[in-house]
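Here is how names work: the chains are called A, B, and so on, in the same order as the sequence lines, proteins then strands, and each is numbered from 1.
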There are 2 protein chains.
Amino acid sequence: MYEQIGADAEIDHEGPQAPYLQLVEILVARIRRGDWDQGRPIASETRLVQEYGLARSTVRRSIKVLAQEGWVHVVPHRGTYVARTSDEQEQEQE
Amino acid sequence: MYEQIGADAEIDHEGPQAPYLQLVEILVARIRRGDWDQGRPIASETRLVQEYGLARSTVRRSIKVLAQEGWVHVVPHRGTYVARTSDEQEQEQE
DNA sequence: TAAGATTTGTGCGTATGTATT
DNA sequence: TAATACATACGCACAAATCTT
């Protein structure tokens, strides 16, 4: 999956897919592309808000999904770090 | 058109005209009267529901017509904005 | 030690989107 | 048409922890 939306895509507010899911795909694409290295922080929520024109609550929702899928690791009051850059160790979530 | 029902009319649930069409005429009259300026949001769906005693689905149906006729522009999750205040650039919809 | 900037945590209110009954 | 419920999204405000200067 994550094939329709690329790393350079923008949010389509009119489309059928929810913006928070679009952002999930975009960020996964950017991680895989190497925009941020493993163990390094991705853009802050505030930055993503500015970059994609979304509400912070929406950005946070996307990050929550990324964390659940194991792409990133959120460190309270510090940042959101890249946990992996490919889906090699893809794992099931209950 | 929109001559029979004025800006201060109320919905007549007994009459021959469907409530959603009555509301369309009322809202157009209110826009033309200047209740809401161009580029500004009209009353929310919830507000219109309370004001006219209609179901939200009915109000939305009216707004859909207004949007198709170019009177308003619906911005997802934000509001319904006045696109024009007169029928100068009246245009055909397919 | 202190102050300021940055970042995530949390909550509230409101609006539209969609579906069901 | 109506009534209801839930999902999705925006905006704002403030708290708490961290980092920088």
**OP:** Tell me which of B:L54 and A:T58 sits closer to the 5' end of DNA chain D, going by the nucleotide each one is nearest to.
**Re:** B:L54
Original post:
If you look at every strand shown and take non-hydrogen atoms under 4.0 Å, does B:S57 touch a base, only sugar-phosphate, or nothing?
Top reply: base
**OP:** Mind checking B:P19 for me? I need base, sugar-phosphate or nothing, with any heavy atom below 4.0 Å counting as a touch.
**Re:** sugar-phosphate
Whole angstroms only, please: what is the [atom1]-[atom2] distance between [X] and [N]?
X     : N      : atom1 : atom2 : answer
A:Y81 : C:dT7  : OH    : P     : 10 Å
A:R61 : C:dT8  : CZ    : C1'   : 18 Å
B:Y20 : D:dA2  : OH    : P     : 13 Å
B:Y52 : D:dA2  : OH    : P     : 15 Å
A:I11 : D:dC10 : CD1   : C1'   : 14 Å

Original post:
Hey, does the side chain of B:E10 reach the backbone of B:Y52 with a donor-acceptor pair shorter than 3.5 angstrom?
Top reply: no
Protein-nucleotides 14-18 of chain C N/O pairs closer than 3.5 Å?
from, atom 1, to, atom 2, distance (Å)
C:dT16, OP2, B:E45, N, 3.0
C:dT16, O4', B:H77, N, 3.3
C:dG17, OP2, B:R60, NH1, 2.7
C:dG17, OP2, B:R60, NH2, 3.0
C:dG17, N7, B:R56, NH2, 2.8
C:dG17, O6, B:R56, NH1, 3.0

Original post:
For D:dC10, does OP1 or OP2 lie under 4.0 Å from any side-chain N or O of A:H13?
Top reply: yes
**OP:** Check the pair A:R30, A:W36 against side-chain contact (heavy atoms from CB on, under 4.5 Å), reporting the backbone distance first and the verdict last.
**Re:** CA-CA 8 Å; A:R30 292 189 63 179; A:W36 308 289; 3.6 Å; yes
Original post:
Is A:L66 close to A:V24 at the side-chain level, that is, under 4.5 Å between some pair of heavy atoms?
Top reply: yes
Original post:
What is the distance from atom CD1 of B:I11 to atom CG of B:L21, rounded to the nearest 0.5 Å?
Top reply: 10.0 Å
Original post:
Under 3.5 Å, is there a donor-acceptor pair between the B:E25 and B:Q17 side chains?
Top reply: yes
Subject >> Hphob cluster co-occupancy, A:Y81 + A:I42, side-chain heavy atoms under 4.5 angstrom >> reply: no
